[in-house]
S.K.: 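Before we start, here is the structure in question, set down as structure tokens.
The sequence lines fix the lettering, A, B, ..., with proteins before strands; numbering per chain opens at 1. FYI, side chains are in, hydrogens and waters are out, and symmetry mates aren't considered; it's all heavy atoms of this structure. The model shown is predicted, which means the values in this text are computed figures rather than measured ones.
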Amino acid sequence: MKRSINIWNRIDKVTVLLFLLMLVMGWFNIYAAVYNEEHKEIFDLSQRYGKQFLWIIATLILSVFILIIDSRFYLFFSWVVYGIIILLLMLVLVFGTEVNGAKSWFEFGPVSLQPSEFAKFATALALAGYLSRKNIDLTRLKDFLPAFGIILLPAFLTALQPDMGSTIVFFAFFLVLFREGMSPFIFVSGLLAILLFFLTLLIDNLYLQLVMILAAFVLAYFTTRRWKLCLTGFSIIALTGGLIFMLDRFLLKSMGNDLVILITIILSGLVFAYYIYLKKAMEILIIYFFLLGGIIYINSVDYTFNNILKPHQKERVEIMLGFKSDPHGTGYNLNQSLISIGSGGFSGKGYLQGTQTKFKFVPSQSTDFIFCTVGEEWGFLGASVVIGIYLFFLLRLLRLAERQRAVFSRIYGYGVISIFFIHFFINIGMTIGLVPVIGIPLPFFSYGGSSLWGFTILLFIFLRLDVSRTEYLV
Amino acid sequence: MKDRFANRRIIIAILIIVATLALLIKLFIIQVVKDTYRLSADNNVLRYVTQYPARGLIYDRNGKHIVLNQAAYDLMVVPGQTGEIDTAQFCLDLGITKDVFRDRFMAARSYSRRVPSVFLKQISAETYARFQEKMFLYPGFYVQPRTLRKYSRPVAAHVLGYVSEVDEAQIRNDSYYKQGDYIGKLGIEQAYEKQLRGTRGVNIYMVDVYGRIKGSYADGNMDTLAVQGTDITSSLDLDLQEYGENLMKNKTGSIVAIEPGTGEILALVSSPTFDPELLVGRVRSENYEKLSADTANKPLFNRAFMASYPPGSTFKPINGLIALQENVITPSTQFGCDNGYLFVSCHSHSSPLDLKGAIMNSCNSYFCQTYRRILENNKYSSVSEAFDKWRSYLDEFGFGRTTGSEFVNELAGFVPGSSYFDRYHGKNGWRALTVISMAIGQGEIGTTPLQMANMTAAIANRGFWYVPHIVRSIGDGGEIDTLYTTRHRINIDPVYFEAVIGGMEAAVNGGAGATARIAALDSIIVCGKTGTAQNPHGEDHSVFIAFAPKDDPKIAIAVYVENAGFGATYAAPVASLMIEKYLRGKISANNLWKEQRMLNLNLIDSIPDNETEH
């Protein structure tokens with residue numbers, strides 16, 4: 001008894017309130033999104049809003065159970081939970097029902113479960129379990145690799161289904177690694193690589209590479225201040241480049257700009273490397289390797305984009321970048337989404353008055369594109385309020401995470417934040433064209449039992465850990 | 001526990017805030033700053049008007065049109081947009097009653113208030129023209145152009161198939177289809193549906209709350225053009241087909257004519273037949289019901305390959321070939337005939353006969369004895385083994401299985417294996433005499449006219465055949481499937497074919513005793529074989545197979561006339577008329593009497609007469 005009173009006292013009421021708020025708003029939104037005049041009752045079980053209500057009730061019961069369980073349980077059984085989920089992810093590849101070309105669901109009669117939704121909190125638990133051990137230093141490779149593996153394993157299994165959207169979500173955990181000491185380098189490189197990927201598609205390769213080379217030299221100068229050295233290096237490259245270009249122009253005629261630049265960099269690099277070694281300017285060498293890597297990366301982006309990405313994935317990126325507008329096929333979702341949100345104006349059209357969503361122009365409008373209903377019916381004001389609530393929610397979780405005494409709880413907390421953040425950013429970003437269309441749900445708003453349960457468990461485990469925030473747990 | 005990285009929380013917080021700001025800014029831009037989206041949606045709704053493609057045309061082998069398209073108009077309605085309209089005037093303009101209007105409108109409304117549905121199918125062009133001028137008075141209604149089939153001649157219904165609306169199961173099977181699409185059923189329309197259907201397009205219009213078109217959405221940039229269906233050139237010779245259907249009028253039966261060198265079907269007639277125009281458009285369901293209900297004539301039933309008959313004497317050449325190949329007889333082997341052999345009777349003719357004579361006179365004894373030799377061949381350990389070997393030859397000719405043509409409801413026919421008789425009589429409980437009726441094409445064997453025509457083509461080619469097919473090329477000289485251009489060789493020496501062909505030549509041109517004299521033509525050597533297929537339910541069927549010219553054959557044909565008695569009487573003249581028509585283009589003067597006789601012959605009406613006549 002004392003225990004349960006304790007839980008009620010110590011649980012973070014602000015978060016719970018925000019949670020309930022999002023749940024209810026989400027539910028009303030689903031009602032508006034798939035409103036069916038022949039089934040006006042919001043509790044009508046044949047419609048999604050009725051079903052969502054059932055899921056909500058089940059979720060609330062579930063959340064109480066989670067709160068009752070002792071915090072230590074989560075710490076000690078984190079591996080077991082993770083193991084079970086990994087098993088489920090493997091089993092779904094064999095026993096799952098195939099929907100739209102992917103095996104992501106188990107179907108038990110009227111109920112369907114999606115293991116990848118549960119993999120999110122399981123991975124957060126496992127990661128927290130691992131990283132909270134004594135003397136883990138993420139800058140050391142041997143400590144880093146297991147953490148990477150914990151994230152990679154479920155991501156890989158999810159990618160096999162294939163469910164690209166859910167796979168991408170796992171990379172949010174790098175935020176956790178960052179907080180726990182991973183070199184910012186990896187993070188920054190990752191972001192840069194993504195940026196470079198899009199730049200390569202947007203800007204002509206030649207200019208991009210030339211700009212890169214220039215940038216490399218500028219960086220070299222600022223790092224070492226040895227302008228003579230930099231100038232020498234630059235002239236070596238320019239000379240080599242010129243020669244090879246002439247060779248191609250007049251003799252071979254078949255190399256193409258990309259190859260010219262690549263060979264130039266490699267050759268001049270060899271010359272340069274020796275010179276650097278003599279002059280002992282290691283930073284320049286490092287910058288050089290990055291330049292080389294960058295050039296190779298740029299060249300491989302095209303290949304990857306054309307040959308490895310599936311056609312519909314390729315198209316989604318192209319559409320986001322504005323190359324293509326295929327408003328009928330792949331671009332349809334985005335186009336309809338933009339129309340419905342854009343048409344909301346400042347204050348929206350009013351509850352249940354969204355013509356676009358009402359007329360069913362937005363596909364998946366109760367799941368992945370649920371935000372469209374918000375945007376269309378509540379306008380900029382309403383949409384900002386929802387985004388504001390999410391922001392408030394995330395920052396609140398941040399504060400909770402930092403006040404944990406147990407490292408395990410803190411790390412798990414960051415896992416929770418990362419997951420919610422990436423879903424929130426990608427889902428809303430996709431509906432407004434900031435991010436390519438990647439199918440992931442908006443937590444608590446999108447219709448769906450598995451995702452609702454997954455997110456609730458994710459959150460409430462943390463809330464339970466937070467109740468024990470003054471204990472060290474171990 | 002040290003927490004050296006506590007400061008990083010600030011970076012993470014900043015990251016979250018920046019990301020949120022990015023979202024807010026983009027949101028602000030599209031909702032408040034940019035007008036475009038608001039215009040698209042503000043009280044405006046998009047209307048997707050489907051552009052249905054014209055279905056591919058079907059030509060005959062000489063480039064004549066067989067199947068064309070005609071324009072039709074469906075009247076569509078969006079019930080939620082109709083508002084108050086003058087229903088009386090509307091009904092007047094359309095030529096329907098108020099009751100019809102009410103029923104249709106209620107049906108549309110219960111389907112959906114917002115999604116368009118068909119209010120009236122295929123209104124006539126005049127109605128459309130009249131209605132168009134007044135359409136502004138009736139918001140929520142608009143016209144959807146469609147194409148329907150039109151036929152240059154009322155023939156070849158069974159070969160062509162027809163076009164109907166797609167059903168739920170078909171929509172589930174192929175995601176291309178949506179409700180209201182048309183799909184081919186049976187015949188060429190079904191076999192080449194994917195090529196004929198083209199690709200749907202769409203025009204997107206902006207429509208206001210009153211359903212009035214306010215312009216093209218996005219300046220028509222999002223519209224897609226319909227892609228017309230690919231035309232099909234069929235292998236049919238339209239004139240020959242029409243001629244065959246005329247010859248078979250008022251008779252029950254079928255004709256299948258194939259070009260031996262390619263396997264192309266020149267004509268495929270099933271009688272009674274029906275005018276393909278009956279199954280077009282609005283009247284289709286009603287007419288289909290009527291045709292289905294006609295159980296006396298069964299016009300929808302395609303006798304060319306959905307009916308299986310015992311082949312009768314037309315089977316004798318095959319048994320002759322097999323016997324030669326198995327070395328149980330030679331062309332000069334003779335057998336006597338005592339008006340029959342054991343319990344199998346035969347008509348009177350000179351005796352004994354060699355192979356050529358036996359075919360010419362269609363002697364049952366000869367073939368019974370030949371068949372006995374095939375089955376009692378010492379080379380095999382048992383009759384069962386010999387029987388299965390005999391069966392394997394038949395399989396090589398394409399019997400006992402579907403030929404593989406484009407027709408989806410082809411019957412495989414039936415050729416029993418030794419296990420069939422083992423089950424009946426017990427293993428080793430039967431012998432050659434038990435199954436002797438198969439020597440003369442009677443008994444348990446079932447073959448379709450298509451298979452018989454194919455067999456004739458194989459004989460004409462002296463030992464090979466191509467899968468019979470109804471399409472020559474797809475689109476502009478596009479190739480057909482290699483299934484139809486692959487040669488099937490038969491394991492019988494071409495020399496033996498010559499021997500049997502000699503017999504078939506004699507059957508037509510050999511003078512006295514030849515059973516098919518009536519089929520002879522001047523200066524064209526026709527080779528053929530008569531047959532009388534026993535019919536336990538009534539009069540025997542008249543069967544005839546033939547090919548011509550003997551050397552370098554251009555046409556192989558099988559004719560079945562049901563309830564008509566001897567093969568020579570009706571089937572043979574039909575075949576020779578068809579052959580002459582195809583090879584010469586017209587009927588020579590001294591054969592015109594045959595043509596008249598066949599055209600005027602009425603066997604269908606004579607059946608009830610027979611019944612009343614006691």
S.K.: Counting only heavy atoms not in R200(B) (residues, nucleotides, ligands), do more than 12 fall under 6.0 Å from its CZ?
M.R.: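 More than 12 within 6.0 Å, yes.
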S.K.: Could you point out which residue of I432(A), I341(A), I428(A) forms a side chain to side chain contact (heavy atoms under 4.5 Å, CB included) with K26(B)?
M.R.: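 Option passing the side chain to side chain contact (heavy atoms under 4.5 Å, CB included) with K26(B): I432(A).
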S.K.: Could you tell me which non-hydrogen atom of Q31(B) sits nearest to which non-hydrogen atom of A383(A), and how far apart they are?
M.R.: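 In terms of heavy atoms, the two residues are closest at OE1-CB, 4.4 Å.
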S.K.: Can you tell me which portion of Y414(A) sits under 4.5 Å from chain B's heavy atoms? Options are side chain, backbone, both or neither.
M.R.: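 The side chain, not the backbone.
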S.K.: Does atom CG (L225(B)) have a neighbourhood of more than 12 heavy atoms from anything else shown, all under 6.0 Å?
M.R.: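 Not buried by this count: 12 neighbours or fewer within 6.0 Å.
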S.K.: Donor-acceptor check, side chain of R9(B) to backbone of L398(A), threshold 3.5 angstrom: yes or no?
M.R.: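 The answer is no, because no donor-acceptor pair under 3.5 Å joins these two groups.
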S.K.: How close do A13(B) and L395(A) get, counting heavy atoms only, and between which atoms?
M.R.: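 What the structure gives for the nearest pair is CB-CD2, 4.4 Å.
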S.K.: Quick check for you: among Y390(A), F346(A), F421(A), which has the greatest number of heavy-atom pairs under 4.5 Å with chain B?
M.R.: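 Maximum pair count with chain B is reached by F421(A).
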S.K.: Need one label for F380(A): side chain, backbone, both or neither, based on atoms under 4.5 Å from any heavy atom in chain B.
M.R.: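 When you check distances to chain B, atoms from both the backbone and side chain of F380(A) fall under 4.5 Å.
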S.K.: With a cut-off of 6.0 Å (strictly less than), are more than 12 heavy atoms of other residues, nucleotides or ligands near OH of Y176(B)?
M.R.: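 Result for OH/Y176(B): enclosed.
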S.K.: Would a 4.5 Å heavy-atom cut-off, applied to side chains only, mark I16(B) and I417(A) as touching?
M.R.: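 Yes. Closest side-chain heavy atoms under 4.5 Å.
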S.K.: Would you give the length of the straight line joining atom CG of L15(B) to atom CZ of F425(A), rounded to the nearest 0.5 angstrom?
M.R.: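 Separation between the atoms: 8.5 Å.
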S.K.: Taking C-beta and beyond as the side chain, do F424(A) and L23(B) meet within less than 4.5 Å on heavy atoms?
M.R.: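 Answer yes - side chains close enough.
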S.K.: When rounded to the nearest 0.5 angstrom, what distance separates CG in L394(A) from CD1 in I12(B)?
M.R.: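 Output value for this atom pair is 11.5 Å.
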S.K.: Could you check which of G379(A), S384(A), G429(A) has the highest count of heavy-atom pairs closer than 4.5 Å to chain B?
M.R.: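 Greatest number of close heavy-atom pairs with chain B: G379(A).
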